[in-house]
2 protein chains.
Amino acid sequence: MIDEISLNILNILQEKARIPNVEVARQVGMAPSAVLERIRKLEKQGIIDGYEVRLNPEQFNRRLIAFIFVDVDTTLVSASDPDQDRVHDILAKMPEIQEVHDVAGEDCLLLKVRVADHQELGTLLRDNIRPLQGVRSTRTLTVLFTHKETTRFPISGILTGQ
Amino acid sequence: MIDEISLNILNILQEKARIPNVEVARQVGMAPSAVLERIRKLEKQGIIDGYEVRLNPEQFNRRLIAFIFVDVDTTLVSASDPDQDRVHDILAKMPEIQEVHDVAGEDCLLLKVRVADHQELGTLLRDNIRPLQGVRSTRTLTVLFTHKETTRFPISGILTGQ
DNA sequence: ACTGAAACGCAGATACT
DNA sequence: AGTATCTGCGTTTCAGT
């Protein structure tokens with residue numbers, strides 16, 4: 001279980017992760033050493049997975065988001081050399097591909113990619129995705145406008161595995 | 001434009017954002033004050049958008065990811081009170097919904113949601129999404145397994161708007 | 001735009017409650 | 001699991017280059 005204080009600390013860090021420990025302590029009204037101990041514990045328990053810098057995709061010429069459904073022939077893949085990487089592993093290694101999911105009911109993978117423009121998307125599909133062994137077909141949805149995009153989710157005290 | 005040193009700093013912060021400034025300075029071989037100045041500048045330029053803590057969804061009972069296509073009747077919405085929030089604004093305010101995109105070619109919205117289980121997904125669809133004015137239908141894909149999920153993207157010196 | 005010095009504030013350890 | 005205290009170290013400002 002996780003208590004109100006730790007929840008509070010996590011909420012503060014979700015707003016702005018790169019702030020001094022004392023500042024967190026002030027906001028929760030505790031001694032810095034106590035807060036530090038709690039944060040260390042949350043990290044060790046795997047509740048806190050890490051700290052990331054959020055970069056502006058626009059500024060790095062990554063304006064286009066696309067979702068790609070990849071129809072994979074799994075029988076073909078399992079029949080080949082078992083030592084070789086599976087399609088999803090190869091895809092996961094490509095830096096433009098941010099997400100690789102197995103989805104239910106469609107017998108395929110769903111990718112989220114972030115590229116500069118439609119030309120780069122075309123290149124990625126033609127040169128890196130379609131030629132993969134086991135890939136039967138792809139279907140691509142490009143994003144026109146993004147209204148919301150966050151990794152945050154509501155946090156509450158109901159913790160599992162505690 | 002952005003130079004090699006700033007690129008280096010950003011890469012270090014992408015690995016672990018909550019590290020001391022001196023540590024970054026050591027890794028890039030510069031004085032802490034110089035690194036601080038660069039980071040402040042990157043923040044002010046909007047290249048660095050913020051710093052986030054990465055929380056483990058498993059530990060907060062958010063095991064299920066779903067992608068939901070929401071077919072929206074835009075004519076109906078524009079005919080109603082123009083002051084009222086649009087469907088995508090209402091959806092964007094729901095904390096379980098992490099992403100709201102307009103997608104090309106389907107005349108609909110694509111949502112990414114993160115919930116506890118299929119029951120919670122059902123509740124979200126039935127009580128919060130389908131009743132919205134203008135929502136014609138929804139189609140949901142649930143994720144069976146996630147092979148990769150990151151917000152990182154390759155960064156290079158080719159900056160725009162500089 | 002970077003270095004180095006100095007003042008200040010924080011981190012992390014310890015002892016104790 | 002908390003506070004109080006202390007030392008060493010990091011942060012931040014500023015003058016100089």
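Here is the naming used below: chain letters follow the sequence lines, and residue numbers restart at 1 for every chain.
Rounded to whole Å, atom C1' of C:dC8 lies 16 Å from atom CG of B:N21. Counting to the nearest Å, the P atom of C:dA1 and the CZ atom of B:R40 are 16 Å from each other. In this entry the distance linking CZ of A:R18 with P of C:dA11 reads 12 Å, nearest Å. The CD-P distance, from A:Q27 to C:dC10, rounds to 13 Å in whole Å. A:M30 has its CE atom 15 Å from the C1' atom of C:dA11, to the nearest Å.
Between B:K148 and A:Q98, the closest side-chain pair of non-hydrogen atoms is not below 4.5 Å. Residues B:E149 and B:I65 are in side-chain contact: their nearest non-hydrogen atoms beyond the backbone lie under 4.5 Å apart. Looking at heavy atoms from C-beta onward, A:L111 lies out of side-chain contact with A:T138 at the 4.5 angstrom threshold.
You'll find that the side chain of B:S33 is closest to C:dT3, out of C:dA11, C:dA1, C:dT3. Counting only heavy atoms from C-beta on, A:L36 has its side chain closest to C:dG12 among C:dG12, C:dC10, C:dG4. Counting only heavy atoms from C-beta on, B:R38 has its side chain closest to C:dA1 among C:dG4, C:dA1, C:dA13.
Rounding to the nearest 0.5 Å gives a distance of 4.5 Å between NZ of A:K112 and NE2 of B:H101.
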Working for side chain to side chain donor-acceptor pair (under 3.5 Å), residues B:H147 and A:D89 = CA-CA 8 Å; B:H147 300 282; A:D89 287 328; 5.2 Å; no

Let me see the working for B:K16 and B:E23 under salt bridge (charged side-chain N to carboxylate O under 4.0 Å, His left out), right down to the final yes or no.
-> CA-CA 11 Å; B:K16 205 174 181 310; B:E23 182 56 33; over 6 Å; no

Given A:R152 and A:E15, is the salt bridge (charged side-chain N to carboxylate O under 4.0 Å, His left out) satisfied, shown in steps?
-> CA-CA 10 Å; A:R152 287 180 65 164; A:E15 290 299 332; 3.2 Å; yes

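Within 4.0 Å (heavy atoms only), B:P32 reaches at least one base atom of the nucleic acid.
Taking 4.0 Å as the cutoff to heavy atoms of chain B, we find the contact window on DNA chain D bounded by D:dG10 to D:dT13.
Contact detail for A:S156 and B:F60: the closest heavy-atom pair is O-CD2, 3.9 Å.
Summary for the helix from C:dA1-D:dT17 to C:dT17-D:dA1: the axes at its two ends, each from 5 pairs, differ by 30° when rounded to the nearest 10 degrees.
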